[in-house]
Amino acid sequence: MCSCSAQKDLSNSSAIDTQPLRMAISPYQDTAFLVNVKPLELENKYHIRLELLTIPWEDIIPAIASAGRTVDVGYASLTDYLTKSENINKESNDPVLFIYPLYVFKGAGFITFNPSVPQLNSQTINNPVLVKKFLSFKIGVPKNSMCQMLLFMLTQKAGMKFLDSSFTDTTVNDGLLATENGSLDIAAAGVTQRTEAEKRHGRVVLTMDTFGTGDIDGLVCKESVYKKRKKDINSLIKMQFDCERYVLNDLDHHSAVILAYLKDNASTQYTLAEFKRALSHQYFPLTLAEVAKNIISSNGKYSIAKQTAIVDQYLMNIGVAKTPRQTPKIMALSE
C-alpha cells in the first residue's frame, strides 16, 4: 500500500487545525481524481488536511470496518456495500455507512476470446434463444457482484431460474487470464479488463449499458467518523467535485497528474486516449444539485432507491437476504 500524504507545511496551516482525513483510493481512472488535491492547493481552500492511501478496491470496505482505523473514509460501490453491510455491521456499535453517492460506473460487462460466444446488445438481449446460448458457455464472475446481478437479470429475460445456472466465482483479473487461456469462455470485466481484452484481440459481449443500468459509487465510513468529521467530509466531497471539473473540462491538458499516478500504481498503463475512453463509461455529476437530481431523487435517472431495489431482488432471490436492504440515508451537504 502506498501513501500520497498531504503536505505538512501548508502556507495556511494556522487555519488547518484538524488531524488528516485519511481517504482510501484505488488505482483506477474513476477513483484517482483526488490526486489533484495538492497541485490545486485545495487543502488550503477548504482548510482540511487530506491523506490519500492507495488500497485495492476490494479491500476498502474491510479497511473501513476494521477496528484499527486504517482509513477514515473511502470509495465503495453501492452494490458491494448493500451485499456486505449486514455481515460487516453485525453486532457492531459503530456501523459502516454509505453516506454519499459521487458517480455512476457503467463500464462493467463481459469479455470473451471465443468466437462462438454471441454478442448481446439492446436488440439481441430480448432473444431468449440467443440468451440461453450465451448462458450455456463457461462464465466466470465475482460472487454477488454487479456483474452477477446482470446475469441474474439475463436469466429472468430468458425465463430461466438463476439458481439453476452454474457460474465460476473468480476475480475480474483472474477471469481475464482464464478467458484468454480458454479455461473460461466468458468473464466479468471492469473497464481495466475490457481495455486489456481488446488490446489482446478479445471482445466485449455484454455491458451494463445493454440493461440501461449502472453501479452507483460513493463514500463509506464508520458512523463515529461521520459524526466526528462531518464538516471535513463535506469539504472532501467539494474537493472531489473541484478535481473532477478540473480534469474533465480539459482532459488533453489536465490529465497528467492522474496518468502519472496510474502509471505508478495501476495494472493497466493508460494512454491519454485510453484514459478518455475509460472515463466515457462513467457518469460524473459535477455539482450537489446534479447529484440530488439524478441519483438521490427517487425519480432520478440513476436513482439510488432503484439501484437498491435491484440488489434487493437479487439477494432475496438467492436466499442471502430475507428482508429488503434499506436505501442508504444520504448526508445533507452545505454549500
Item to complete: Could you please spell out the steps behind the salt bridge (Lys or Arg N to Asp or Glu O under 4.0 Å) verdict for Glu58 and Lys84?
Response: CA-CA 11 Å; Glu58 63 274 13; Lys84 299 172 181 176; over 6 Å; no
Item to complete: Indicate the ring-plane relationship of Tyr28 and Trp57, choosing parallel, tilted or perpendicular according to the 30° and 60° boundaries.
Response: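 The arrangement is perpendicular - the two ring planes meet at more than 60°.
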Worksheet entry | Audit row: Met23, Glu51, side-chain contact (heavy atoms from CB on, under 4.5 Å) steps and yes/no | CA-CA 6 Å; Met23 171 69 190; Glu51 183 178 0; over 6 Å; no
Worksheet item: Are Asn144 and Tyr314 linked by a side-chain donor-acceptor pair shorter than 3.5 Å?
Response: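 Tyr314 and Asn144 do have a side-chain donor-acceptor pair below 3.5 Å.
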Worksheet item: Does any donor atom in the side chain of Gln240 or Tyr75 lie under 3.5 Å from an acceptor atom in the other side chain?
Response: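 Result is yes, a qualifying pair exists.
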Worksheet entry | Taking every non-hydrogen atom, the tightest pair across Thr308 and Arg325 |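 Nearest pair, atom of Thr308 first, then Arg325: CG2-O, 3.8 Å.
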Is any side-chain heavy atom of [Y] closer than 4.5 Å to one of [X]?
X: Lys276; Y: Asp252; value: yes
X: Asn114; Y: Ile186; value: no
X: Thr124; Y: Pro118; value: no
X: Ile296; Y: Tyr100; value: yes
X: Ile125; Y: Asn121; value: no

Whether the side chain of [X] engages the backbone of [Y] through a donor-acceptor N/O pair (distance < 3.5 Å, no angle test) should be reported.
X: Glu180; Y: Leu176; answer: no
X: Thr170; Y: Gly140; answer: no
X: Asn294; Y: Gly300; answer: no

Practice prompt. Compute the ring centroids of Tyr283 and Tyr302, then answer whether they are less than 6.0 Å apart.
Written response: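 Yes - the distance between ring centres of Tyr283 and Tyr302 falls below the 6.0 Å cut-off.
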Discussion item. Ring centroids only, cut at 6.0 angstrom: are Phe284 and Phe33 within range, meaning strictly under it?
Written reply: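 Aromatic pair counts; centres sit under 6.0 Å.
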Discussion item. If you count every heavy atom of other residues, nucleotides or ligands that lies below 6.0 Å from Lys199 atom NZ, does the total exceed 12?
Written reply: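 Counting other residues, nucleotides and ligands, NZ of Lys199 exceeds 12 neighbours.
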